[in-house]
**Student:** 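The structure follows.
Chain letters run A, B, ... following the sequence lines, proteins first, then strands; residues in each count from 1.
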There are 2 protein chains.
Amino acid sequence: MEENQLLDIGAVTRASGLPPSTLRYYEERGLISSAGRRGQRRLYHPEVLQRLAMITTGRAAGFSLEEIGTMFREDYAKVPREVLEQKAEELDRQIQHLTSLRDGLRHAAECQSPSHQQCPTFQRLLRVMQKQQARRYQRSR
Amino acid sequence: MEENQLLDIGAVTRASGLPPSTLRYYEERGLISSAGRRGQRRLYHPEVLQRLAMITTGRAAGFSLEEIGTMFREDYAKVPREVLEQKAEELDRQIQHLTSLRDGLRHAAECQSPSHQQCPTFQRLLRVMQKQQARRYQRSR
DNA sequence: GCTTGACCTCAAGTTGACTTGAACCGCTAG
DNA sequence: CTAGCGGTTCAAGTCAACTTGAGGTCAAGC
């Protein structure tokens, strides 16, 4: 009755959408761990699904598996507040970028202007994106 | 006096932060084009900087170079409105994800709870992320 | 008792996005 | 006139993140 809570790899695959090969790979990389084995088969705690959600979200945010693993491994309590805050700001900037891009697409869907070269709204969006880039490059100099 | 407007690859590199190798690669992939050559050297219209900003933003949004190229190539006017709107919605969802993640990090920076396992705010964020994932996987079935 | 299906390992292969290296060209400053 | 800088090509190399394939285990159903 403890056993029943555990998921085999197929169940995790169905629940998370990630193929078994990826789950094994993540385990090898130390991003997730199985609760144990039944025979040779992996068994997972249901919480692994949250972790996988975090991994997928983190990947979409442009973090490498390495970075994500580090965030998991270091005790949150120990990671200096500033580092987390810095990551959060990084994300904030990325959200700004994506918002511009989304608005750009949405506008392109609606704009009646014959050419986007002439549409002031589109031009403004382009300038915003470019400015964001410039700032980013500044930092990596 | 038309000539002077054009940038050589070094200028584009300085302005965009992208190395020459990347600029040549993008050209090879058909994502950007040079305005012409002076001798064997590429010359670029300043507008290439906007295009590069869009490419970089698109990459950060998780689009492949292939996809980005397609968006550029197909005449915007021809791309059915729904496709653009659909891409925009995709971005919208991703922005939601990143916002959750950002809030998660920001919260982790401030939370006094001894363990995140016990912090209700963190738990709530995790559930949100997981739900988003589940929806996403739904679509890729 | 034998097949089938879901799992396992481990090494090798794939893909996308670049980068690196070798060999070369052409202007300009000393 | 030659050294060096900033370009050029083209083929090969690299890296992260997976995937694939061959060959094996085990439990369940016919």
**Student:** Tell me: CD1 of A:Ile32 to C1' of D:dA17, nearest whole Å?
**Tutor:**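 So the CD1-C1' distance, A:Ile32 to D:dA17, works out to 14 Å.
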**Student:** Taking CD from A:Glu67 and C1' from D:dA16, how many angstroms apart are they, rounded to a whole number?
**Tutor:** 12 Å
**Student:** If I compare all heavy atoms of A:Glu67 with all of A:Gly62, which pair ends up nearest, and what's the gap?
**Tutor:**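 Of all heavy-atom pairs spanning A:Glu67 and A:Gly62, the closest is OE1-O, 4.2 Å.
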**Student:** Considering non-hydrogen atoms only, spot the tightest contact between B:Arg42 and B:Ser34 and give its length.
**Tutor:**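 Heavy atoms only, the tightest pair is CG-OG, 3.9 Å.
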**Student:** Starting at the 5' end of nucleotides 4-18 of chain C, put B wherever the base has a protein heavy atom under 4.0 Å, S where only the sugar-phosphate does, and a dash everywhere else.
**Tutor:** --BBSB-------BB
**Student:** Just by modelled atom types, is the B:Ala109 backbone N or O under 3.5 Å from a matching donor or acceptor in the A:Arg81 side chain?
**Tutor:**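 Such a contact is found between A:Arg81 side chain and B:Ala109 backbone.
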**Student:** Could you tell me the separation between the CG atom of B:Leu7 and the C1' atom of D:dG6, rounded to a whole number of Å?
**Tutor:** 16 Å
**Student:** Would you name the heavy atoms of B:Leu31 and B:Phe72 that are closest together and state the gap between them?
**Tutor:**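 Where B:Leu31 meets B:Phe72 most closely, the heavy atoms are O-CD1, 3.9 Å.
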**Student:** Carefully, step by step, assess B:Thr121 and B:Arg124 under the rule side-chain contact (heavy atoms from CB on, under 4.5 Å).
**Tutor:** CA-CA 5 Å; B:Thr121 309; B:Arg124 194 178 48 72; 4.1 Å; yes
